[in-house]
Number of protein chains: 2
Amino acid sequence: MTLNQILEQLKLAGYKATATRTLILETLIKNHELILSADEIYLMVKLENAKINRSTVYRNLEILSEENLLYKTITDQGVTKVKLRCCDKHHHHLICDRCGKIVVFDQCASDLYREFAQGHGFLLTGHTLELHGICKNCQLLERV
Amino acid sequence: MTLNQILEQLKLAGYKATATRTLILETLIKNHELILSADEIYLMVKLENAKINRSTVYRNLEILSEENLLYKTITDQGVTKVKLRCCDKHHHHLICDRCGKIVVFDQCASDLYREFAQGHGFLLTGHTLELHGICKNCQLLERV
DNA sequence: TTTGGTGCAAAGCGTTTGCACCCGC
DNA sequence: GCGGGTGCAAACGCTTTGCACCAAA
């Protein structure tokens, strides 16, 4: 999804294309293969524009999330990390815990999960699956 | 795992069997099929003993976690929830998002995950899988 | 008696919110 | 000019920590 497509969708929902919002979106697009914290996004934008506030990042992420444009996860330390959704097809992620690199994992046993839940009287409302590891690049860096 | 077995393991690690610690452990054992927040544990213990502090709960959960006796997860809201580990066999959980009820899900495609990660140059260090739903009891309550 | 444990209050930290001012449209 | 957007500072909620006192072993 390009910057203009996202801005267009936001416009239809009543949101404006401001300079700061554009910088945040450009950061997310440029790093679409990384999962980032609000603070990381804040710092990245700050490198190009001294005038940005953390709360602006949070408010923009909230809007993107409402528009269903954001994939969110939360680390063991309780920090929320996000990336732009890459496609509509159901999938999960393989995440590098060092650098945040993302690989799409699209083999999901959703049918098995639903049947298992039903078998135990549960109505399945969702599931989470994340593979965590260290990418090739970070493995090489570790050897230094 | 019984209360005495846990206290024995803690003793070997240099920890004492205090009254408050015992109350926390009894609460975890009694509710072994529920996933609880620190605050829920605090309130449950408080019902039986006016003298307990939230920080004591956190400190005890930290010790249990170091002793590998605790399963931890974190909600979308950033609240950590715990339960005593029920067995050593690798497994995941089906969780009721209303009442916290837990069902063990032991069909895990770990081999597939490892192969997928290796195929992308990753060293797989772990994975998370949680099924979320509403248990039969909570479904019935909702209809009221 | 030694050393870990606890309650209390304050601090930490990521995140949210109220408010005044700013800026797309 | 209207209504959404932003920076700033303060508040929030969960969790951690420093400290003095308590209690297991």
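Lettering of chains follows the sequences in order, A, B, ..., and the numbering in each one begins at 1.
Residue pairs meeting the side-chain hydrogen bond (donor to acceptor under 3.5 Å, both in side chains) criterion with at least one partner in residues 20-29 of chain A, sequence neighbours excluded, are Arg21(A)-Asn60(A). Sorted by first and then second residue, the ring-ring contact (aromatic ring centres under 6.0 Å, His included) pairs with a member in residues 35-56 of chain B form an empty list; sequence neighbours excluded.
Contacts of residues 52-67 of chain B with DNA chain C (heavy atom under 4.0 Å): Ile52(B), Asn53(B), Ser55(B), Thr56(B), Arg59(B), Asn60(B). Listed by residue number, the members of residues 16-35 of chain A with any heavy atom below 4.0 angstrom from DNA chain D are Lys16(A), Thr18(A), Thr20(A), Arg21(A). If you check residues 72-82 of chain B against DNA chain D, the residues with a heavy atom closer than 4.0 Å are Val79(B), Thr80(B), listed by number.
Residues that satisfy the ring-ring contact (aromatic ring centres under 6.0 Å, His included) test with Tyr58(A), not counting sequence neighbours, are absent from this structure. Evaluation of the ring-ring contact (aromatic ring centres under 6.0 Å, His included) rule for His32(B) yields no partner, not counting sequence neighbours. Residues satisfying the ring-ring contact (aromatic ring centres under 6.0 Å, His included) test with His127(A), not counting sequence neighbours, are His90(A), His92(A), Tyr113(A).
Heavy-atom contacts of chain A under 4.0 Å fall on DNA chain C between two terminal nucleotides, which in 5' to 3' order are dG14(C) to dC25(C).
Between Leu28(A) and Val82(A), the closest side-chain pair of non-hydrogen atoms falls below 4.5 Å. For the pair Val79(A)/Ile74(A), no side-chain contact is recorded, criterion being any heavy-atom separation below 4.5 Å from C-beta on.
Among the protein residues, Lys51(B) comes within range of the sugar-phosphate backbone only, with heavy atoms under 4.0 Å from sugar or phosphate atoms but none that close to a base.
A distance of 9.5 Å separates CZ in Arg59(B) from CD1 in Ile63(B), rounded to the nearest 0.5 Å. Rounded to the nearest 0.5 angstrom, Thr128(B) OG1 and His93(B) NE2 are separated by 13.0 Å. Atoms CD and OG1, on Gln77(B) and Thr80(B) in that order, are 12.0 Å from each other to the nearest 0.5 Å.
Distance CG (Leu10(B)) to P (dA25(D)): 11 Å, rounded to an integer number of Å. Atom C1' of nucleotide dC14(D) and atom CD of Glu40(B) are separated by 13 Å, given to the nearest angstrom.
Between the side chains of Ser110(A) and Arg114(A), no donor-acceptor pair of N or O atoms lies under 3.5 Å.
By the 4.0 Å N-to-carboxylate-O rule, Lys30(A) lies close enough to Glu48(A) to be salt-bridged with it.
Panel note: side chain His91(A), backbone Lys89(A); a donor-acceptor pair is recorded below 3.5 Å.
Between its opening and closing five pairs, the helix from dT1(C)-dA25(D) to dC25(C)-dG1(D) changes axis direction by 30°, a value rounded to 10 degrees.
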Return all side-chain donor-acceptor pairs below 3.5 angstrom for residues 6-13 of chain A, not counting sequence neighbours, or 'none' if the list is empty.
{"unit_1": "Gln9(A)", "atom_1": "NE2", "unit_2": "Glu67(A)", "atom_2": "O", "d": "3.3"}
{"unit_1": "Gln9(A)", "atom_1": "NE2", "unit_2": "Glu67(A)", "atom_2": "OE1", "d": "3.2"}

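Applying the 4.5 Å side-chain rule to ILVMFWY residues, one finds Ile35(B), Tyr71(B), Ile102(B) in the same cluster as Ile95(B).
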